[in-house]
Each structure stands twice: as C-alpha cells, then as structure tokens.
Number of protein chains: 2
Amino acid sequence: MPQMRGIRQLAKHLDISIGTVSRALNGKPDVNEETRKRVLAAAEELGYVANQSGRSLRQGTTNAIGMMVESSKETVENSDNFFLGVTGGVQSVLSRHNLDLFMLPCPNDEDPYEYMKRMVARQVVDAMIISATQRIDKRIDLLVKAQIPFVALGRSSSGGDYNWIDLDFEGVATKAVDRLVSKGHRRIAVAAPSSDINLGYIFVDAYRRALERHGIEYDPSRVIRVQSSENGGYQAAETMLRLEDRPTAIILIYELMAIGFYRRMVEEGIFPGRDVAVIGFREEPRAKFLQPSLTRFRMSLADLGVELAETLLATMPVYAAHYPASARNTIWPLELVPGESDAFILKA
Amino acid sequence: MPQMRGIRQLAKHLDISIGTVSRALNGKPDVNEETRKRVLAAAEELGYVANQSGRSLRQGTTNAIGMMVESSKETVENSDNFFLGVTGGVQSVLSRHNLDLFMLPCPNDEDPYEYMKRMVARQVVDAMIISATQRIDKRIDLLVKAQIPFVALGRSSSGGDYNWIDLDFEGVATKAVDRLVSKGHRRIAVAAPSSDINLGYIFVDAYRRALERHGIEYDPSRVIRVQSSENGGYQAAETMLRLEDRPTAIILIYELMAIGFYRRMVEEGIFPGRDVAVIGFREEPRAKFLQPSLTRFRMSLADLGVELAETLLATMPVYAAHYPASARNTIWPLELVPGESDAFILKA
DNA sequence: ACGCTTTCCGGAAACGTTTTGATGTGGCAA
DNA sequence: TTGCCACATCAAAACGTTTCCGGAAAGCGT
C-alpha cells in the first residue's frame with residue numbers, strides 16, 4: 001500500500017476531497033466555514049504544509065523573492081554585512097504576503113550575468129533584488145526582457161525605465177562641501193573610485209557643482225581616484241601630500257579609506273581634525289573607532305530594506321494593489337553624523 | 001493555439017519525443033550520441049533550461065542547498081561577512097554537482113526554530129547548513145527527525161550523532177597560553193563570553209587545562225566575562241585594572257574586543273605590547289589596523305566553506321560516493337599570526 | 001530464414017498541487 | 001409544479017519534468 005503524501009493524505013483523513021482541502025487552506029471562497037475550521041485544525045495537527053514544487057508548478061509562481069549578492073573577495077571585504085542588514089527590512093515587508101526571501105550568492109568564478117540567467121531560467125524566484133549595478137548592466141536588460149519584476153539597488157544606464165533605489169550621493173557631496181566651506185576651507189579634495197563606477201561619476205559631478213555654487217573653481221587634480229579600501233585611503237593621503245597648494249580638507253567616499261588615510265597622515269605628523277579636515281561617506285563599522293571620530297553620513301539599513309521591498313512589490317501585479325504606485329526611483333537620504341575629524345577650522 | 005512551453009516545445013522543434021530530450025539533457029544512457037548533440041545544441045540555441053518546479057516535483061529533489069543565517073542585529077554587527085566569505089568555498093564544491101546554494105536569512109522577529117520548520121516543510125532545499133548553534137538546539141532535533149541531511153557549523157549537545165565542524169578552540173587556547181608562558185607570563189587573564197555559549201564554555205575549559213599543564217594555578221577571577229564587542233573589550237580592561245595581582249597578559253576571545261581593550265589601557269598609560277601582552281582570537285578585519293598589530297589567529301573562510309560542503313555531501317546518499325565517509329566531526333585549525341601586541345616579555 | 005541481443009526511441013504514468021467545470025443539494029419566487 | 005439561484009462539494013485536468021516499459025530496427029551468429 002503506497003503511503004499517500006501531502007494533501008491527499010490530509011483529505012482522506014478528513015474524508016473530504018482534495019479540492020476542498022486546498023480551497024480551505026488557501027482562504028478561497030466557496031467553502032463552508034465549518035469545514036474550513038476542520039481542515040485548518042487537521043493540517044495543524046498533522047503538520048501539513050503544502051509542497052512548494054507542487055504549488056509552483058501549478059501556479060507558475062514560487063512565493064519567493066531572490067536577492068542576488070556577489071561573494072567576490074572585494075564584496076566580502078568591503079560590504080561588511082550590508083546585505084544582512086538590509087534583509088531584515090525586506091523580510092518585514094515580504095512576510096506580510098507570505099513571501100520568503102532567498103539570498104542568491106553568485107559564485108566568484110561565475111559571471112554575474114550567466115548566474116542570473118540560470119536563476120531566471122530555472123524560475124526559482126518570482127522577483128529579484130539586484131545590487132552592485134554596473135553603469136551598463138546586462139542583467140537589467142535580461143530581467144526586463146524576461147519580464148521578471150525586479151528592483152535595483154543602484155542606478156544604471158541600462159534597460160530604460162525600471163525601478164531603482166540609490167543613495168543620495170548628490171546630497172552627501174553637497175552637504176559635505178557646504179560644511180567644509182562654512183569652516184573656511186576652499187581647497188577641498190575628494191577621494192573616489194574610478195568614474196566607470198556609477199558612484200565615482202555621480203559623486204564627483206555633484207562635488208564639482210557644489211564647489212561652483214560657492215564660487216570655488218573646480219580643480220581636477222584634487223579628485224583622487226583610488227580603490228575603496230583602507231589601502232586606497234593610504235594612497236589618497238600619499239597623493240594629497242604631493243599636491244601643490246595642498247588641500248586643507250578631504251572627502252572620502254568610502255569610510256574604510258579613513259583608516260589608511262589617518263595612518264599615512266599621522267606618519268607625516270599631520271593630525272586629522274587638527275591639521276586637516278576629513279569627512280567620510282557610507283558609514284562603516286570598521287571605521288567606528290577611529291581617533292578622532294570621523295564626521296560621516298549614516299543611513300538605516302533596515303529602512304532601506306523596507307523601501308526596497310515595497311518598491312519591488314509595487315511592480316508585481318498580484319501585490320501592486322497594496323502598494324500605490326509610489327515613486328519608482330528613490331534617492332535614499334543619509335544623515336550627517338558630526339565627529340571630530342573636521343574640527344579643523346581655517347581662519348577667514 | 002496554446003504556445004507549448006519548456007521541454008515540449010523543444011521536443012517538437014527537434015521532432016523527437018520529450019522523453020528522449022530529457023534523457024539527452026540529463027546525460028542518461030540509451031540515447032544516440034548524434035541525437036544528444038542535436039538536443040544540446042537546440043537547447044543552447046533556444047535558451048532552454050529545465051523548469052525547477054517540474055524537476056523537483058518529479059524527482060523529489062530540489063538541487064539546492066540552504067544555508068540558514070540569522071540577520072539579528074548582533075549577527076549583523078559582529079559576524080562581519082563571515083557567511084559571504086564561506087559561501088565562496090561552499091559553492092566551489094556544490095557547483096561540481098550542479099547544486100545551487102541559497103542563503104536563507106531568518107527574519108529577526110521569527111523564531112529560528114519556526115523558520116527552519118517552515119523551510120523544511122516547504123521542501124525548498126535538499127539539505128542544510130546551519131550555524132550559530134546553541135548548546136541545546138531544537139533545529140538539530142528537527143532536521144534529524146525529518147531526515148534532512150545537514151551539517152552544523154558549531155558543536156551542540158542536541159541530536160546525538162550528527163555532522164559538525166567547529167573551530168579549534170582548544171588548540172587556540174593552548175597555543176595562546178603556551179606562547180605567553182614561554183614569554184615569562186604567569187598571571188594570564190582571558191576575556192570570554194558567558195559560559196552559556198558553547199564557545200565561552202569550551203574555551204575557558206581549555207585555557208584552564210593549559211595553565212595547569214604549566215603548573216600554574218587556575219584563578220577564576222581572571223576569567224572576565226564580557227560581551228563579544230569593542231565595548232566588551234573596554235570593560236575587560238576596566239575589570240583587569242581592578243584585579244589585585246594584576247595579570248600581565250590577556251587572551252581576548254574575540255578580536256573586536258582588542259579595540260576597546262587598547263583604548264581603555266592607553267587611557268591608563270598602559271601600552272599593549274610594552275606593558276601588557278595581548279593575544280586575540282578569530283581574526284576580524286575591523287581589528288586589522290590596530291597599533292601595535294595584534295597577535296592573533298587566522299583561518300581561511302573559503303577553505304572552511306569547502307570542508308562544510310564536502311562534509312554535507314558525504315551525508316547525502318546521492319553524492320556520498322564522491323566523498324568518502326570522512327570525519328563527520330571536524331575541528332577546524334587556526335593559524336597563529338604573530339604581531340607586536342604580545343612583545344612584552346617578563347624577565348624570569 | 002531464424003532467433004537473440006543491443007541500441008535507440010516513443011508513449012504514458014507519476015510527482016503534489018490548484019483550478020475549472022460539473023453536480024447535487026436546498027430555498028425561494030412564480 | 002417549475003424554474004432559478006446560491007451554496008458547497010467532488011472529480012478531473014493541468015502545470016513541466018523524469019522515468020518506466022515496451023517495441024522497432026539493426027546487427028550478428030547459426
């Protein structure tokens with residue numbers, strides 16, 4: 001005698017048809033309130049949960065959202081649990097609709113595009129959150145073409161009209177420049193990654209405009225292109241030391257840089273906060289204990305996760321009703337946290 | 001005309017039966033080498049990839065491994081990309097068998113046990129890697145009962161005979177004590193989390209035995225119980241300063257503690273490496289730039305991932321053949337990285 | 001010509017679920 | 001009585017895949 005599995009077993013146990021059981025469990029109409037209770041009770045008792053493959057096959061939907069992350073060495077070293085922090089917020093929204101979140105880590109030896117292609121083809125999730133977007137990102141074209149709902153964490157030039165959330169680089173650049181200028185600085189440098197990376201391009205552009213608004217001439221030599229790492233900060237300091245008309249202040253686009261920057265400067269007897277003003281961006285726990293404390297920008301990862309999830313659901317036909325067509329492109333604000341690293345004030 | 005999907009479409013396009021197509025794609029015998037090539041080519045051309053739900057339903061297997069992680073605030077702040085680092089190694093093994101890895105983040109407002117129960121019931125993965133094991137962990141009992149292959153990162157008292165990998169706390173404690181004793185230290189403190197946590201219990205026990213092997217009396221007051229954080233390190237220093245017969249050396253069970261420990265000590269004019277010897281455990285990028293550099297223990301996250309995956313596969317009947325019944329319980333070694341923080345040598 | 005084996009392939013069943021259409025009640029108005 | 005509707009249920013089809021089974025064709029030795 002073949003032991004029946006799943007819903008069949010449950011139906012037999014209740015002496016009822018499987019169709020009714022299914023409708024009862026899924027809250028469909030056309031089922032007597034009395035029977036529904038019985039079914040629910042029995043399911044609880046027998047610990048029955050619908051097999052996901054069965055549902056997916058029938059419904060063409062998996063009730064799962066994927067969040068693609070890269071586990072490259074760079075990501076592992078730099079992103080510092082950024083993703084784990086975001087997932088909390090994402091899930092708080094998804095759980096309202098019985099959706100689960102899977103993180104899909106792209107192996108470092110596989111091309112992100114190929115990986116995404118595989119995940120899309122296997123239809124293992126209904127929608128996607130992607131991050132680390134490139135300025136030209138083939139994944140976006142793929143998702144658009146395959147009509148998979150998605151939201152990107154980061155702008156891109158690809159794909160035309162799609163949903164993204166990005167950090168408020170312009171706001172940060174503007175506030176940082178304003179603050180430094182108000183303390184008397186005129187020669188302000190910035191350490192940023194290459195302009196191939198979206199962040200590097202957008203940020204520096206905003207920095208330039210902010211300077212010009214204060215009537216300060218933009219000097220390209222003060223844009224120091226380095227990697228987003230401690231080492232990059234060290235090199236930025238090195239470069240800055242060699243500049244003629246040495247800048248009196250610097251904006252570090254990634255906080256981790258501050259560690260290396262401090263080190264190189266202190267080697268030279270130049271103390272941040274006393275002899276040079278420093279502002280960092282994108283709060284980073286590893287830099288939390290710098291002395292003097294870094295003036296920096298902070299954001300709430302959990303809130304960002306909530307926004308991501310809501311934006312995503314708004315694009316999914318089934319759930320869109322609950323999420324009024326909100327802004328499809330969001331600039332995520334960051335809050336300035338004053339520290340001592342920019343206490344250095346120039347006399348007027 | 002209903003557009004046929006998937007394998008049917010492919011079969012029709014090739015004018016061949018779906019059974020043959022399936023066999024061809026899955027490398028089964030009983031298919032002409034010539035036809036197999038044709039099928040493979042056509043699949044490639046049309047971008048066909050088998051729908052996962054269909055396969056899963058038929059085979060009762062999902063070809064996916066889950067790695068449960070917690071996204072609690074504590075984890076996010078402390079584990080510092082530990083998981084992302086490990087996934088790389090895990091995937092390098094799984095990809096050999098066309099297995100995918102999903103990270104399953106447990107929402108912080110959901111009980112880990114309930115979350116795991118749901119994941120198991122939905123049968124969304126074939127096997128699991130769990131971490132952050134408790135000394136008594138109901139998840140383990142659940143997995144054993146449900147006969148889901150799994151491996152735990154961390155020992156536990158639950159479930160009897162199962163597979164786990166854990167860090168070599170004993171080895172670290174022993175090596176650290178040996179090293180300090182060889183430098184003349186006799187009064188050696190240790191800062192550890194509460195003994196409720198497995199690590200806190202095991203480590204301190206090994207520390208005690210190591211001391212006794214050197215004929216040094218174990219003094220409970222030198223076991224300082226604090227949280228595994230920078231703040232914990234600060235408090236450890238605070239406590240240590242108040243001890244009579246103040247210890248001349250300390251072992252910090254979590255490197256992050258070193259940051260706070262240094263700070264408090266320097267406030268007191270006591271310099272690590274010069275006036276007190278410090279050894280840290282569980283390398284932690286955030287502590288990488290301490291001055292003086294910390295003598296610490298290091299491990300390869302990627303290699304740990306490989307070991308995890310291989311141990312897991314060895315317990316899965318389908319793959320066990322490739323992975324000879326290796327040790328089901330592995331103590332993962334850590335390597336000592338000498339720094340300057342324990343340069344302080346006591347005259348004999 | 002015959003029987004046997006090997007090689008290859010097609011047809012159909014099966015996996016567990018949801019959904020559709022049909023069916024059988026009973027109540028109410030005409 | 002008849003017709004109609006609402007309600008609750010059941011039986012069966014469908015989702016896309018893998019696998020079992022049977023059988024045709026071809027090769028080979030007698």
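Convention: sequence-line order gives letters A, B, ...; per-chain numbering from 1.
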Tell me which nucleotide among [options] gets nearest to the side chain of [X].
X: A:Ser22; options: C:dC8, D:dG16, C:dT19; result: C:dT19
X: B:Asn26; options: C:dC9, D:dT18, D:dT17; result: D:dT18
X: B:Val31; options: D:dG16, C:dC9, D:dT17; result: C:dC9
X: A:Arg23; options: C:dT20, C:dC8, C:dG11; result: C:dT20

Which class fits the ring pair B:His97 and B:His322: parallel under 30°, tilted 30 to 60°, perpendicular over 60°? perpendicular
More 5' along DNA chain C: B:Asp15 or B:Arg58, using each one's nearest nucleotide?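 Upstream on the strand: B:Asp15.
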Would one find a side-chain N or O of [X] under 4.0 angstrom from OP1 or OP2 of [N]?
X: A:Gln59; N: D:dC15; result: no
X: B:Thr20; N: C:dC9; result: no
X: B:Tyr48; N: D:dT17; result: yes

Take the protein atom [atom1] of [X] and the nucleotide atom [atom2] of [N], then report the distance between them rounded to whole Å.
X: B:Leu57; N: D:dG16; atom1: CG; atom2: P; answer: 12 Å
X: A:Gln9; N: C:dT17; atom1: CD; atom2: P; answer: 10 Å
X: B:Lys28; N: C:dG10; atom1: NZ; atom2: P; answer: 17 Å
X: A:Leu14; N: D:dT9; atom1: CG; atom2: P; answer: 11 Å
X: B:Arg122; N: C:dG16; atom1: CZ; atom2: C1'; answer: 14 Å
X: B:Asn51; N: D:dT18; atom1: CG; atom2: C1'; answer: 13 Å
X: B:Lys12; N: C:dC9; atom1: NZ; atom2: P; answer: 20 Å
X: B:Leu10; N: D:dT17; atom1: CG; atom2: P; answer: 9 Å

Contact between [X] and [Y] at the side-chain level, heavy atoms closer than 4.5 Å - yes or no?
X: A:Met119; Y: B:Phe102; answer: yes
X: A:Met67; Y: A:Leu101; answer: yes
X: A:Gln123; Y: B:Ser53; answer: no

Would you confirm whether B:Asn32, through its side chain, and B:Glu34, through its main-chain N or O, come within 3.5 Å as a donor-acceptor pair?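 Yes; at least one donor-acceptor contact below 3.5 Å.
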Using a 4.0 Å heavy-atom cut-off, does B:Ile18 contact any base of the nucleic acid, only the sugar-phosphate backbone, or nothing at all?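 Base: the residue B:Ile18, judged by heavy atoms under 4.0 Å, touches a nucleobase.
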B:Thr35 near the nucleic acid: base, sugar-phosphate alone, or nothing, with a heavy-atom cut-off under 4.0 Å? sugar-phosphate
Please compare B:Arg55 and B:Asp30 by the position of their nearest nucleotide in DNA chain D and report the one closer to 5'.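 It is B:Arg55, whose closest nucleotide lies nearer the 5' terminus.
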